[in-house]
Amino acid sequence: MVGIVIVSHSGRLAEGVAELAREMGGAEVHVETAGGLALEGNPIGTDAVLVAGAIERAQSDDGVLVLMDLGSAVLSAEMALDMLPEDLRASVSLCEAPLVEGAVAAAVAAKLGLSLEAVAAEARGGLAGKATHLGHDTPAVETGPRQATGPTRSIVLTVELPHGLHARPAARLVQAAAAFDADVDVANRTAARGPVSGRSLNAVATLGVARGHEIEVTATGPDADAAIEAVRALAARSFDESSQADHPPAALRAGAPVSVEGALLGITASPGIALGPARRFHVPELDVPERSASDPAVERRTLAHAIEATEEVIERQREATADRVGREESAIFEAHLLFLRDESLLGPARRAIDHEGRSAAVAWQEAVAAAAASWEALSEDYLRARAEDVRSVGRQVLARILGVPAPTASLESPGILVVADLAPAEAAALDPSTVRGIVSATGTPTSHGSIIARALGIPAVVGVGSGLLAVTDGTALALDASEGLVYVEPPGAVTARLEKARAALASERRAARVEAAGAASTAGGVPIEVAANVGSVREVVAAVEQGADGVGLFRTELLFLETGPASEGQQTDVYRRAAQALAGRPLTIRTLDAGADKPVPGLEQPHEPNPFLGVRGIRLGLDRPDLLETQLRAVLQVAQEHPVRVMFPMVATLEELEAARSVLDRARAYIGGSPPLEVGVMVEVPSAALIAESLAPHVDFFSIGTNDLTQYTLAADRGDLRLASLADPLHPAVLRLIHRTVVAAGDHGRWVGVCGELAGEPSATALLLGMGIRELSMSAPSIPLVKRAVRATDPVAAAELANQAMALPSAVAVRTLLAREI
Ligand code: PEP
Ligand code: MG
C-alpha cells in the first residue's frame, strides 16, 4: 500500500490532516507527518530532516506520496529527497495536490491498493467534488479504462443521508465496491451525472449526490453479485453513518424509509419471498354472557378494578417499550392510558350501570362501541385510526371484567402481516398457513419476535420505518425478505420476477431437505450435530421434518409467555412430548430465561432501568429457586426415559453455576434417581467466555448464545434498530470470545455448540467449524442449507479462514472476507 507523508508548517495542522485521511481511508493506511521545526520553541516552519524521517517511516514497496502545504514546505521536501538513499528516492513522488482534499483522496486510493501514479492522480483531482458542489466547471476525473468482463449487475438506491453522499459515506462506498473482482460504476440518476468509476473518491464526489438523489451502482466482472450485495448492505446500514449521533439512519426517521428500486428497505429477519395483500392483526370480539346486573355499586367496583389492572399492564408495557425501543414508540401506550381515563368513555359506562341497570361488562362494551364509532365518523385518516386503539384497550378491560384471557390477534384472511413491532407472544400465536410474510416498522433480526418468525419459516423484514404504517389493509405487497425489500403495489415485472424466484427457492429448499435427513460431516469427516432451536412441541415436530439431529435449544420461557410458569406435571408432559417427537435424538432444555424482552406473567420485575442488564436468565432462576427446582425436576423425570441435556442461560460467574448445580442436586435428591443428564451453560456474557476454563470442569458442554454475547460484548441492545449494524455477531471481538471458549473447553475435553442466530447463517458455517464448534443449533428452516454448508466445509481451509477472520479489525472486514470466500 502506498505510504503518505503530510508536510506542513504546523505540526498540529499536519496531524489534523493525517487524522482526517486515516478516518476516510481506514486506520491501516500509512500516513506519516512532518510539521514544524525540530528545534524546540519553533512550532511553525519546515524541516528537511523531519521530512526525510517521515518518508523513511512511510516507505513501502508501492512507494511514498508526499503532500505539502506552501512555500518552504516544498523546498524542504525537495531537500529531504536529496538526503534519502537513491533506491528510496526513486519511489517517492512529491505531489502538488491540495493538502486536505489531496490527503483524503490519496488515503482512500491507497487503501484500494492503487499504484503510486494512480494515488497521485486521485490526490490531484481532490478539488473536483468541492468544485462540483459550488457549481464550478471541473475537468472529468481520469479513472483509467474499464477492464473487467463477465456478468453485469446493478442496483438503484435513494440516498437519504442528511448531507447526501458526502466525503465519509462516499469513501465507504468506494471501499465497499473496490473489495471485489469487478469494475464498479456509479451514476447520479437524479442529477443525470455520471456514470463514473466507483474506484475513485473524486469521481464519486463529482456526482454531487444530495439527500433524496437516486444513484445507480453497476458492477461488471466475476464478483459483480458480491460487489452489489456489499453496496446494498452498506446502504442498508445508512453507509455506516448510524453511529454518528447527528446522523440517524434514514430507516429510522418517521415517514422516511430507505427505498431501493422503489421498494422499502428493511433488514432480513427471516429469509424467503412472499406475495399477497397487506393484513393487519384482527382481534376477535369477546362474547359477553347474558346475565342480570347485580348491585350497581358492585358493578361499578368491578369496572374500576378492571380498568386499574389494565392501566398497570399498559404502564408496564409503556416503560418496557420506552426502555427498549424509545420514547416516541411508547407514545401509543400513553394514548391508551388516556383513553382509559377519558370521561367520554367512562361517563356513559357509569351512567349505564347506575341508571339503566347494566352489568359492568355490557355497560363497558356499549360505551367502547359508541366511542369507537364516533372516532370512525371523523374525516381525518389519522383520527379515524384511533377507533382501533379504543377497541384494543376496551377489549383488555372487558377480558378483565369477564375473567378470561385477552383474545389473541390473528389474520382474518391470508396475507402479509403489517405491524409496528412484533411481540414474542404475538409471534408465537401466528399461524403460518395464513401469515405468508411479516413486515414490521421497528424490530431487529435477533429480537424474539423475529426469532419466532424464522422458526415458523415465515419470510419477514423488520426495521422498515414508520412510513410502513401508512400501508392500508388489502394493499398488494411483495416481500423479497432475503434482500430486506418490501414492494408496495409492485409493478407486474417485479411480481413476475419474485414469483419465479420463489418457485426456484422452494425447489432448492426441497432438494436440500431431502439431503438433510442424514447426519452431516465436514468434507474431512468430522461429524457435526445440526440441531434446532424450538419454543414448543409443534416446532419440534417441524424440526425433525427439516432434518434436525436433535434440539440444541428449547426456549422454555416461550411456553409461559401467556400463562405464567407451569406446574412440574405440566412441564414434564411438554418435555416428554418433545422428547418423544425426537425419537431418540437429544433434547437440550434451557432453564427459564425470562426477563428483559421476554416478560412472563407472574414473574414481572420491578421497574429496571436496563432490563437486559437486570434480573433475567439464571439470575431470575436463582432469585426464585422454587421455580428452577420445579423445572429441573420435570427435566430429570424425562431424562429417565430419553436423552436429555439441560443448560443454564446468562451465566456470568462460577458462583452462579455452582448455585444452579446445587438446585439441580436438590431436584435429583427429590426425584430419588440420577438419570444420565449432560449439563451445560450458555456462553452469552463475555465474563463466561473469559473464565471458560474455570467453568469447564463443572459442565459437560458449552452452548454459545451469540445473540446475547454480541449485545453484551458490543454494548448494543439487540432489540434496538439503530444499533443493528453495530450488534454484528461476526465482530472479531465476538469471534475471539467464541474461540477462547472452544480452546478452554477443549483443554477439559468438553464440546462447544452455537445456538445464537449466527449458527443458522450458512455463510458463517465454515468460520464456526474452523473455530472448533461441533454443534450448530438454529431455527429449523435453516437446517437443510446449513447441513449442505457443513458437508462442503474443508476443515483445514476452515481453520485458516477462522484465523484470518479473528485477526481482522472489524465486522465489515470479516463479512467482506466471507463474501470473498463464498
Ligand atoms: C442467544 O442469546 O444467542 C440465545 C440463543 O438465547 P436467546 O436468543 O433466547 O436470548
Ligand atoms: Mg440469550
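For ligands, and for the atoms within them, numbers begin at 1 and follow the listed sequence. Heavy-atom basis, side chains included; hydrogens, waters and symmetry copies ignored.
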min-distance N/O/S atom, Asp708 vs the Mg ion (ligand 2), resolves to OD2

Which atom of Glu684 is nearest the Mg ion (ligand 2), counting N, O or S only? It is OE2

Quick one: which ligand 1 atoms are inside 4.0 Å of a heavy atom on [X]?
| X | value |
| --- | --- |
| Leu553 | 5 (C) |
| Cys755 | 5 (C) |
| Asp593 | 10 (O) |
| Gly756 | 3 (O), 5 (C) |

* Asked: Can you find an N/O atom of Glu557 closer than 3.5 Å to an N/O atom of ligand 1?
  -> no

Heavy atoms of Ala531 and Glu775 approach each other most closely as CB-OE2, 4.2 Å

Smallest heavy-atom separation, Thr591 atom then Gln631 atom, equals CA-OE1, 3.3 Å

Side-chain touch Asp717/Gln711, heavy atoms, less than 4.5 angstrom: yes

For ligand 1, is [X] a contact, meaning one of its heavy atoms is under 4.0 Å away?
| X | value |
| --- | --- |
| Arg590 | yes |
| Ile451 | yes |
| Arg616 | yes |
| Arg718 | yes |

Assess whether a salt bridge exists between [X] and [Y], defined as any Lys/Arg side-chain N lying under 4.0 Å from an Asp/Glu carboxylate O.
| X | Y | answer |
| --- | --- | --- |
| Asp665 | Arg661 | no |
| Arg538 | Glu545 | no |
| Glu608 | Arg616 | no |

Take Gln637 and Gln571 through the test side-chain hydrogen bond (donor to acceptor under 3.5 Å, both in side chains) and record every step on the way to the result.
CA-CA 10 Å; Gln637 302 281 8; Gln571 292 193 55; over 6 Å; no

- Query: When you check the side-chain N and O atoms of Asn533 and Ser779, is any donor under 3.5 Å from an acceptor?
  - Reply: no

